[in-house]
Every structure is written in C-alpha cells, then in structure tokens.
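Right, one structure below, let's go through it.
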Amino acid sequence: MLLLLATLGATQGHAQRSRSGFPTSIEAGARVGRDFEDHAWSLGAQIRVPFGRSLELRPSGDLFFPRDGKTGRQLNADAALRFGQGGFYAGGGIAWVDLAESGGKQRGHNLFFGLSDRQARRATSFVEFRWTFYNDTSPFRLAVGFNYALTGF
C-alpha cells in the first residue's frame, strides 16, 4: 500500500512546497514512540499524502516491543487536518491492532494531534500524541519522527 501511494505521488511531477510553506509533495518517514499503558516501545513508518492546503491522508504502521510479552503490530488508516500557518495538526482514523496482551487481532480507531517543523525543506520533524481505542482500552502513545519529501525537491 505504501509503495502504491508513493507511485501515485510521482505522477504529480514537480510538486513543491507552495508559497504558504505547506508541502504539496508526498512524504514518507520513520517514527519511534512509547506506549505508556502497555509499557512498550514502538518503531514505525508512515506516508503523508496532502490533498489541498489542510487535508492529509496518513497511512502508517508500527511494531511494538513490550517490556514483558510478545512483539505486536498496528496498522493505521488515518487522515489529518492542518490548522493555521503553523505546524499544528489533528486527526483520526481506523486501527488494526494485533497485540498478544490484548487478546490478538482487534479493530479500533485512533485520535491524535501533533506539531511538525513547517520550515524544513526536504525533511520535517514532528512530535505526536496518539490514542488508540480498542477492546475497551485507550492506550496513550507519544511518538517522534521525521518525514522526507519523495517528490518536488
């Protein structure tokens, strides 16, 4: 799915950041995080696909490494809205969670907000606050990472 989105983004040709500073190219990146309820570190990747000035699709996936227990995973189909000229964003979406501690495969939903560095050209850093609601629980995760522009240097 990530490769398909990257290929579709390449058809945009010479997409660049607009004069307002908002990226118009597809970005991909990595993130690390901490799930404070399940006491697990996470390592993941995401793609950011902008639609206009404020809407973005953000498919992503994470691996979880709990202190005690088996490695788990989560896939996300999220969308985010950007607010104002700064780097503040918020969004939500669907989550597919597979954690041994939560009884195996579950479907839930995400809510998140974050801040990104809007001044960077090729790579943007971000910090994100995320909740995933599934199986009558809603663990909080803090993630930091970067996105790298795939088109429009």
Derivation and outcome, side chain to side chain donor-acceptor pair (under 3.5 Å), residues T124 and D117:
CA-CA 5 Å; T124 57; D117 175 15; over 6 Å; no
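- Among pairs with a residue in residues 129-139, those fulfilling salt bridge (charged side-chain N to carboxylate O under 4.0 Å, His left out) read D78-R130, E128-R130, at least two apart in sequence or across chains.
- Between the CD1 atom of I26 and the OH atom of Y148 there is a distance of 15.0 Å, given to the nearest 0.5 Å.
- Shown here for A149 and S25, the closest heavy-atom pair between the two residues is CB-OG, 3.7 Å.
- In the hydrophobic clustering of this structure, F51 groups with F83; members are Ile, Leu, Val, Met, Phe, Trp, Tyr whose side-chain heavy atoms approach within less than 4.5 Å, directly or through other members.
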Do F126 and N147 pass the side-chain contact (heavy atoms from CB on, under 4.5 Å) test, and can you show the C-alpha distance, the side-chain angles, and the key distance before you say yes or no?
CA-CA 8 Å; F126 66 89; N147 288 320; 4.1 Å; yes
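- At a threshold of 4.5 Å between side-chain heavy atoms, the hydrophobic network of Ile, Leu, Val, Met, Phe, Trp and Tyr places L55 and Y89 in two separate groups.
- The side-chain heavy atoms of V144 and R31, taken from C-beta on, include no pair separated by under 4.5 Å.
- When the ring pair (Phe, Tyr, Trp, His ring centres under 6.0 Å) test is applied to H109, the partners found at least two apart in sequence or on another chain are F133.
- Remark: L43 engages V32, F65 in a side-chain contact (heavy atoms from CB on, under 4.5 Å) (not counting sequence neighbours).
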Under the criterion side-chain contact (heavy atoms from CB on, under 4.5 Å), I'd like the reasoning laid out for R48 against E56: C-alpha separation, chi angles, the key distance, then a yes or no.
CA-CA 6 Å; R48 194 188 68 68; E56 301 172 348; 2.9 Å; yes
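- You'll find the side chain of R82 reaches within 4.5 Å of the side chain of S116, heavy atoms only.
- For the ring pair (Phe, Tyr, Trp, His ring centres under 6.0 Å) condition, the pairs that include at least one residue of residues 25-48, sequence neighbours left out, are F36-F140.
- With sequence neighbours excluded, the residues satisfying side-chain contact (heavy atoms from CB on, under 4.5 Å) with A30 are F146.
- A tilted orientation is assigned to the rings of F88 and F113, their planes being inclined by 30° to 60°.
- Considering only residues two or more places apart in sequence or on other chains, R73 meets the salt bridge (Lys or Arg N to Asp or Glu O under 4.0 Å) condition with D98.
- Side-chain contact between L142 and F129 is present, with at least one heavy-atom pair separated by less than 4.5 Å.
- Remark: R141 pairs with D62 by the salt bridge (Lys or Arg N to Asp or Glu O under 4.0 Å) rule, at least two apart or across chains.
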Steps toward side-chain contact (heavy atoms from CB on, under 4.5 Å) verdict (Q74, S60):
CA-CA 8 Å; Q74 178 175 332; S60 64; over 6 Å; no
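- Taken together through direct or relayed side-chain contacts under 4.5 Å among Ile, Leu, Val, Met, Phe, Trp and Tyr, V127 and W131 form part of one hydrophobic cluster.
- By the side-chain contact (heavy atoms from CB on, under 4.5 Å) test, A28 is found to be paired with I47, L150, residues two or more places apart in sequence or in another chain being considered.
- Remark: N110 CG to S138 OG distance equals 11.5 Å, nearest 0.5 Å.
- The closest side-chain heavy-atom distance from D38 to P139 is below 4.5 Å.
- Here OG1 of T137 is found 10.5 Å from CD of Q106. Values are rounded to the nearest 0.5 Å.
- With sequence neighbours excluded, the residues forming a side-chain contact (heavy atoms from CB on, under 4.5 Å) with R107 are I94, W96, listed by chain and number.
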